[in-house]
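What follows is one structure encoded as structure tokens, with my remarks underneath.
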Amino acid sequence: MIKLEQVGYVYMQGGPFEKTALNNVSLTINRGEFIGLIGHTGSGKSTLIQMLNGLLKPTSGKIFIDGKELNSKDTDMRQIRFDVGLVMQYPEYQLFEETVAKDIAFGPTNMGLSPEEIEERVKFAANMVGLKPALLDKSPFDLSGGQKRRVAIAGVLAMEPKVLILDEPTAGLDPAGRDEILFKIKDMHERMDMTVILVSHSMEDIAKLADRILVMNQGEVAMFDRTDAVFRRGEELTRMGLNVPQITRITDSLRKQGVPIREGIYTVEDALNELAPLLRQEGARLC
Amino acid sequence: MLKDITLGQYFPGNTVVHRLDPRAKILLVLAYIVFVFSIKNFVGYALLAAFTLACIFISQVPIRFVLKGLKPIVVFIVITGLFNLFLTDGEPIFTWWIFTVTKEGVGFAAFMILRLFFLILGTSLLTLTTSPIALTDGLEQLLSPFKKIGLPAHELAMMMTIALRFIPTLMEETDKIIKAQSARGADFESGNILRRAKAMVPILIPLFISAFRRADELATAMECRCYRGGENRTRLRELKLGKVDLGGVLAFLLLGIAVFGLNFWLGPSVGVR
Amino acid sequence: MHTDIITISQLCFQYHNEETGLDIPVLQGIDLTVKKGEFLAVLGHNGSGKSTLAKHLNAILTPTSGKVLVEGIDTADEKRLYDIRQRVGMVFQNPDNQMVANIVEEDVAFAPENLGVPRDEIRKRVDAALESVGMTKFKQHAPHMLSGGQKQRIAIAGVLAMQPDILVLDEPTAMLDPSGRKEIMQAIKRLNREQGMTVVLITHYMDEAVQADRVVVIDHGTIRMEGTPQAVFPKVKELKGLGLDTPQATELIYLLNQKGANLNPEILDSETCVAELLRNIEINR
């Protein structure tokens, strides 16, 4: 679905403040995958996602989306924007229309769809992110923070992209709001058969959802592997200034001290299942 | 990216020109402007040019930075010069089609160009060698005597400070919003003027809303830090007139005497009104 | 840690909704004291009323009914407004929207300038404030060139320059990345431990509340739980019901106990969790 070949990006090339943001990145993401993208600020992850829908052009290398080469003469770059939906950080700040419905319709309208099709898509997208139909005629500015963010996500979803990229979709939300958004994203991924790239600082969030994790460090791909395999390399992650979930730290530490539990545990449920049989209580084993 | 644009064009340094008190510097530049428009002959301009060059040299600001200030108004200077060249009555030098160039015209055009040139040069040197915040402080203090007649000197200065503080923030924000709307397929490049103006709406509305939100939050934060206008306010930075300023004033005094003296002795050059 | 520095009694606050004409209650009878030198965390989900509570601590809002006393001064007493504001320093969520000047030290000087502090004293206060958040190096920088965590530390220095007795921070890390969040928590804890600053931290991140001396959980404008983090967080089910998280360590122990284990539930961090588990697991059985 997505293929990068030796992609590099240099800010202000040739100038006195030249800065390499991405260096020789090659990777492939398959259709329908759920990718977690992590890396600290300045690791190149923002640059990477902005390149995937053509907001930034790589200064070297090639990017292919669904077989089409980005920024080549034969590719309609606006179509790429619709194929690769990007939800930026704090997307609620991009809302501008009088009503929620009109705002969600902005993308589909730019695609030149028929009014019926647009209406259909607005309803679908709103439903997908869990916005009640009664909210569609309200002003987006009268909604709560969490609702605004869902309107913004619906606005991208309504373009029915093949790839959905979300940059920190839970930033600033409280635990309930965060869990709800994450649940909706998982639901979309499953029901709409989209390829999803989720950028997050929260290892706990990524651990819950991703099939594979892409770790960026200093403009390069540091790791790109199955979720449990990445969390097995906790020490390396810590060295890159990234946290592993607390639960992984606990199980790793137990294993080091001789407790027979497997590697790569990253959810409380897994830890519970591993540990319960090991705990003895009045002579009887727990299960 | 938008946020990389440098604002005000302050060129940091620690030279005599930089160390001049901003109030003194503003007043001296005003005097300089008066000189620029009072000079009536080319010898005067030669003197002014020498003086200006000396100032630039002392300030250690590269000459190309100073000349950069001229760039935006080069067209304006040229047009002004051409107008004066062709539209001044007097003793004709040559005629081509409907255009007649006169001796007075040449002289007057040269004067207009020189005046604008030096005007921009002098004010550029002021903004290049004075940090925006010092400039604001200087203006506030210079305007404070007018408070009695109702001029809100402190408020004006506060507004300027906040504007300077928020321009980079809003630039960055504009950049983000443009990207966000582009990601939704917004098209800012094609179509006629009307369509392009309409395409700006999805950028301007979020920008305005955010600016108001920021203003609201900033006002609360300022209240929390006990802001209550300019009364009884003290300042971290003290503006003090020193030897440097006295030197500056003396230098300008000499320049003034020379300029007016030359006007008196040599009289006006051809074309000067 | 014995004297009460803030006393809130029966605090109610409501605002009038212009459109519907209804009065919306936000705070409904809060009783709370803050002790001198303590680090108190106020935990609650968005819309629980926690930010409204914070705004009552330095008289940005005043009670609809009930009383808020700061060092004995009633916040409703308008004549004492600046006495209260100077005693209670307030830091907000977005560091960008709290800074006034485009040079760091000028910004930190803003509050003492407003208070009419003499010039030499301002200089001392600015230097001390920047030092205590570890930002001395940056005093001549422009704020927009700094990272989020650095900007927020400047915002903290900006209120420290008032020499307040209490520091109230309203979700100071919500807009920061993990390293920024760490910087701020370290700065807050240092101020509390080393300078004895009374700290009230408003947050919805449990991992920040865990670091406090005492936690107050608020929901629908009322206090629902109160106590040390060790006492509050083991109530996993109750907290989840209020839309809040618990540390994974606490949750693991809780779930194991649900399955019949007999572990000490008052566990918040991984080290104590590992120790507790090891004590109960028979490895060489």
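In what follows, every chain begins at residue 1, and chains take the letters A, B, ... in the order their sequences are listed.
Residues C:Phe110 and B:Met222 approach most closely at CZ-CE, 3.8 Å, considering heavy atoms. Shown here for B:Cys226 and C:Arg85, the closest heavy-atom pair between the two residues is SG-CB, 3.6 Å. Nearest heavy-atom pair, B:Thr161 versus C:Ala101, reported as atom, atom and distance to 0.1 Å: CG2-CA, 4.1 Å.
Atom CD1 of C:Ile84 sits about 12.0 Å away from atom SG of B:Cys224, to the nearest 0.5 Å. Here CG of B:Leu218 is found 7.0 Å from CG of C:Asn97. Values are rounded to the nearest 0.5 Å. How far CD1 of B:Ile162 is from CE of C:Met99: 13.0 Å, rounded to the nearest 0.5 Å. One distance of note links CZ of B:Arg225 with CE of C:Met90; it measures 13.5 Å at 0.5 Å rounding. Taking CG of C:Asn102 as the reference point, atom OG1 of B:Thr136 lies at 7.5 Å (rounded to 0.5 Å). Put simply, CD on B:Glu217 and CG on C:Asp96 are 10.0 Å apart, with the number rounded to the nearest 0.5 Å.
Other residues, nucleotides and ligands contribute over 12 non-hydrogen atoms within 6.0 Å of the CZ atom of B:Phe188. The number of heavy atoms from other shown groups lying within 6.0 Å of CD (B:Glu155) is above 12. Within a 6.0 Å radius of NZ in C:Lys67, no more than 12 heavy atoms belonging to other residues, nucleotides or ligands are found. Within 6.0 Å of atom CG in B:Leu250, more than 12 heavy atoms from other residues, nucleotides or ligands are found, so the atom counts as buried in its surroundings. Within a 6.0 Å radius of NZ in B:Lys176, other residues, nucleotides and ligands contribute 12 heavy atoms or fewer. The 12-atom threshold is exceeded at CZ of B:Arg213, counting heavy atoms of other residues, nucleotides or ligands nearer than 6.0 Å.
For C:Pro164, no part lies near chain B; criterion is any non-hydrogen pair under 4.5 Å. Residue contact with chain B, scored on non-hydrogen atoms closer than 4.5 Å, involves the backbone of C:Val108 exclusively. Interface residue C:Met162: only side-chain heavy atoms are found under 4.5 Å from chain B. Within the 4.5 angstrom heavy-atom criterion, atoms from both the backbone and the side chain of C:Tyr82 approach chain B. At a 4.5 Å heavy-atom cutoff, the contact between C:Asn58 and chain B is made by side-chain atoms alone.
Close approach to chain B, defined as a heavy atom under 4.5 Å from one of its heavy atoms, is seen in C:Glu113, C:Asn114, C:Leu115, C:Gly116, C:Val117, C:Arg119, C:Ile122, C:Arg123 of residues 113-125 of chain C, taken by number.
In terms of non-hydrogen atom pairs under 4.5 Å with chain C, the most contact-rich of B:Asp216, B:Ile133, B:Thr169, B:Asn232 is B:Ile133.
Using a 4.5 Å cut-off on side-chain heavy atoms (C-beta onward), B:Arg165 and C:Asp107 make no contact.
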- Walk me through it: do C:Ile103 and B:Arg237 pass the test side chain to side chain contact (heavy atoms under 4.5 Å, CB included)? CA-CA 12 Å; C:Ile103 294 175; B:Arg237 213 192 276 246; 3.9 Å; yes

